[in-house]
Amino acid sequence: MLDTFAGCAGRLSALMQHQWLFADPAARETEARRADMVALLDAVMPVRVGREVLSRRTAARSAHTALLTRAAFNEDTADAAWARRRAEAEIQLCYDLVLR
């Protein structure tokens, strides 16, 4: 679960930043969901693995940022739609982990 929660925390960070960029009011909800994921991550994280966990979060955030950028600024509409669906699916997997 450690890797899953770390990846989700990174992806939710990317989504939150993307929403801030576009002044999307959904950013507040994403911020709350990200906080939930970070709490789960903290709960399962063993001592002395913080560096590895941060690396995983950063990699996931970067990858998700690339998808969101591809979806938002791509001139190829089919590819942009694919990137948007892929990004939404990745986030949904994270949402499905936490009851709200």
>> For a side chain to side chain contact (heavy atoms under 4.5 Å, CB included) check, start with the C-alpha distance between Gln17 and Arg61, then their side-chain angles and the critical distance, and finish with the verdict.
In response: CA-CA 10 Å; Gln17 291 169 345; Arg61 186 185 72 224; 3.7 Å; yes

> Do Arg11 and Leu15 have side-chain heavy atoms sitting under 4.5 Å apart?
Replying inline: no

> Are Arg33 and Glu29 within salt-bridge range, i.e. N to O under 4.0 Å?
Replying inline: yes

> Is there a donor-acceptor pair closer than 3.5 Å between any side-chain N or O of Thr58 and the backbone N or O of Leu54?
Replying inline: yes

>> The test is side chain to side chain contact (heavy atoms under 4.5 Å, CB included); show your working for Leu67 and Trp82 and say whether it passes.
In response: CA-CA 9 Å; Leu67 268 179; Trp82 176 87; 3.8 Å; yes

> Within a strict 4.5 Å, meaning less than it, do heavy atoms of the Tyr95 and Met37 side chains meet?
Replying inline: no

>> Before you tell me yes or no, could you show the steps for Leu12 and Met16 under side chain to side chain contact (heavy atoms under 4.5 Å, CB included), namely the whole-Å CA-CA distance, both residues' side-chain angles and the distance that decides it to 0.1 Å?
In response: CA-CA 6 Å; Leu12 288 165; Met16 183 177 66; over 6 Å; no

>> Go through it in stages, so that I can follow the logic: the residues are Arg70 and Asp79, the test is side chain to side chain contact (heavy atoms under 4.5 Å, CB included), and I'd like the CA-CA distance, side-chain angles, deciding distance and then a yes or no.
In response: CA-CA 8 Å; Arg70 189 171 166 180; Asp79 189 58; 2.6 Å; yes

>> A side-chain contact here means heavy atoms from C-beta on lying under 4.5 Å apart; do Val98 and Cys8 qualify?
In response: no

>> For Gly7 versus Ala60, what's the shortest heavy-atom pair and its separation?
In response: O-CB, 3.3 Å

> Got a second to check how far Leu68's CG is from Leu21's CG, nearest 0.5 Å?
Replying inline: 10.0 Å

> Roughly how far, to the nearest 0.5 Å, is the CG atom of Leu41 from the CZ atom of Arg34?
Replying inline: 10.0 Å

>> How close do Ala71 and Ala83 get, counting heavy atoms only, and between which atoms?
In response: N-CB, 3.8 Å

> Given side chains that start at C-beta, do those of Leu97 and Phe5 come closer than 4.5 Å, heavy atoms only?
Replying inline: yes

>> Looking at Arg56 and Glu52, is there a salt bridge between them, counting it only when a charged N and a carboxylate O are closer than 4.0 Å?
In response: no

> How long is the span from the CD atom in Gln19 to the CZ atom in Arg28, to the nearest 0.5 Å?
Replying inline: 12.0 Å

> Quick one: CG on Asn74 to CZ on Arg84, what's the gap to the nearest 0.5 Å?
Replying inline: 9.5 Å

> Taking atom OG of Ser13 and atom CZ of Arg57, what is their separation to the nearest 0.5 Å?
Replying inline: 5.5 Å

>> Could you measure the distance from the CG atom of Asp24 to the OG1 atom of Thr30? Nearest 0.5 Å is fine.
In response: 7.5 Å

>> According to a hydrophobic-cluster definition based on side-chain heavy atoms being under 4.5 Å apart (Ile, Leu, Val, Met, Phe, Trp, Tyr only), do Val38 and Met45 belong together?
In response: no

